[in-house]
Amino acid sequence: MGHRLTVCFNLFDRTPHAWSKVDQWANSTGEYVKRTAFALLWSLALHDKDASDETFVHGLSIVERNAHDNRHLVGKSMSMAMRAIAHRNPTLAGAVTDLAQRLVNSDSKASRAIGTKYLRERRRS
């Protein structure tokens with residue numbers, strides 16, 4: 001699996017189709033394909049210096065729609081994407097915190113876990 005993350009961080013995020021792939025792959029039922037969507041979002045948060053805040057807010061909406069997925073690797077990549085987006089600027093940090101609060105109040109155990117993890121890590125830093 002490590003090679004898929006390497007490809008996201010060193011190739012996919014530099015293509016003109018990267019953002020459309022986040023949307024496309026997030027809709028997959030395959031665990032590794034879905035994980036790759038959020039790994040790519042994570043990588044874009046780190047590397048796409050020209051992307052607008054609105055683009056990342058859209059990415060957060062994709063996280064929110066998929067946070068109920070209880071597969072560990074998918075949730076882990078969503079958490080990492082949230083952390084990376086929050087580090088871009090204070091506005092996005094606030095949007096991620098708002099998302100985490102909504103996830104904590106969700107009926108989904110997986111969503112609550114992602115939100116709780118983000119808020120816990122935020123308090124530590």
Side-chain angles (χ1 to χ4, degrees):
M1 181 56 207
H3 64 282
R4 291 175 194 220
L5 293 179
T6 299
V7 171
C8 285
F9 278 80
N10 294 303
L11 175 62
F12 291 163
D13 69 338
R14 289 160 174 76
T15 70
H17 307 292
W19 284 101
S20 66
K21 292 301 177 185
V22 171
D23 283 305
Q24 178 185 348
W25 293 339
N27 290 322
S28 174
T29 57
E31 179 176 10
Y32 293 108
V33 175
K34 187 170 276 215
R35 181 187 190 200
T36 302
F38 297 106
L40 182 55
L41 179 58
W42 169 16
S43 182
L44 287 162
L46 298 173
H47 299 135
D48 190 347
K49 303 303 181 196
D50 297 325
S52 68
D53 286 359
E54 292 78 23
T55 304
F56 287 104
V57 168
H58 173 71
L60 293 174
S61 73
I62 297 170
V63 170
E64 188 166 15
R65 278 196 316 268
N66 289 279
H68 66 279
D69 192 313
N70 64 1
R71 295 174 289 187
H72 175 72
L73 294 176
V74 175
K76 183 175 180 178
S77 63
M78 283 189 257
S79 292
M80 295 305 294
M82 289 171 62
R83 288 175 51 197
I85 292 169
H87 280 94
R88 286 185 65 90
N89 63 52
T91 300
L92 286 173
V96 174
T97 299
D98 291 346
L99 168 59
Q101 290 289 351
R102 288 193 304 276
L103 295 178
V104 165
N105 294 319
S106 170
D107 291 337
S108 162
K109 182 179 178 180
S111 296
R112 288 192 306 272
I114 292 169
T116 300
K117 180 177 182 181
Y118 176 79
L119 293 174
R120 186 179 334 115
E121 289 172 355
R122 184 174 158 257
R123 281 190 287 270
R124 287 187 200 153
S125 55

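For the single chain, residues carry numbers from 1 onward in sequence order. Here the structure is a predicted model, which is why all the values come from computation and not from measurement.
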Using modelled atom types and a 3.5 Å cut-off, is there a donor and acceptor pairing between side-chain atoms of [X] and backbone atoms of [Y]?
X: S43; Y: A39; result: no
X: K49; Y: L46; result: yes
X: S111; Y: H68; result: yes

With a 4.5 Å limit on heavy-atom distance, are the side chains of [X] and [Y] in contact?
X: L73; Y: E31; result: yes
X: Y118; Y: L103; result: no
X: W19; Y: D23; result: no
X: N89; Y: D53; result: yes

From [X] atom [atom1] to [Y] atom [atom2], the distance as rounded to the nearest 0.5 Å:
X: L119; Y: E121; atom1: CG; atom2: CD; value: 9.5 Å
X: K34; Y: M78; atom1: NZ; atom2: CE; value: 6.5 Å
X: D50; Y: L44; atom1: CG; atom2: CG; value: 11.5 Å
X: K76; Y: K117; atom1: NZ; atom2: NZ; value: 7.0 Å
X: H58; Y: S52; atom1: NE2; atom2: OG; value: 10.5 Å
X: D48; Y: T55; atom1: CG; atom2: OG1; value: 7.5 Å

Work out which heavy atom in [X] is nearest to a heavy atom in [Y]; give both atom names and the distance.
X: I114; Y: A67; answer: CD1-O, 3.8 Å
X: A26; Y: A37; answer: N-CB, 3.4 Å
X: R112; Y: S106; answer: NH1-O, 3.1 Å
X: L40; Y: K21; answer: CD2-CB, 4.0 Å
X: M82; Y: L60; answer: CG-CD2, 4.4 Å

Taking atom CG of D107 as the centre, report whether more than 12 heavy atoms of other residues, nucleotides or ligands fall under 6.0 Å from it.
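At most 12 heavy atoms, drawn from other residues, nucleotides or ligands, come within 6.0 Å of this atom.
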From CA spacing to verdict: side chain to side chain contact (heavy atoms under 4.5 Å, CB included), L41, V63
CA-CA 10 Å; L41 179 58; V63 170; 4.0 Å; yes
Apply side chain to side chain donor-acceptor pair (under 3.5 Å) to Q101 and list each qualifying residue two or more places apart in sequence or on a separate chain.
none
Sequence neighbours excluded and cut-off under 3.5 Å, please list the side-chain donor-acceptor pairs for residues 90-100, or say none.
| unit_1 | atom_1 | unit_2 | atom_2 | d |
| --- | --- | --- | --- | --- |
| T97 | OG1 | A93 | O | 3.0 |
| T97 | OG1 | R122 | NE | 3.3 |

Please confirm whether the ring centroid of W25 lies under 6.0 Å from the ring centroid of Y32.
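Not under 6.0 Å, so no.
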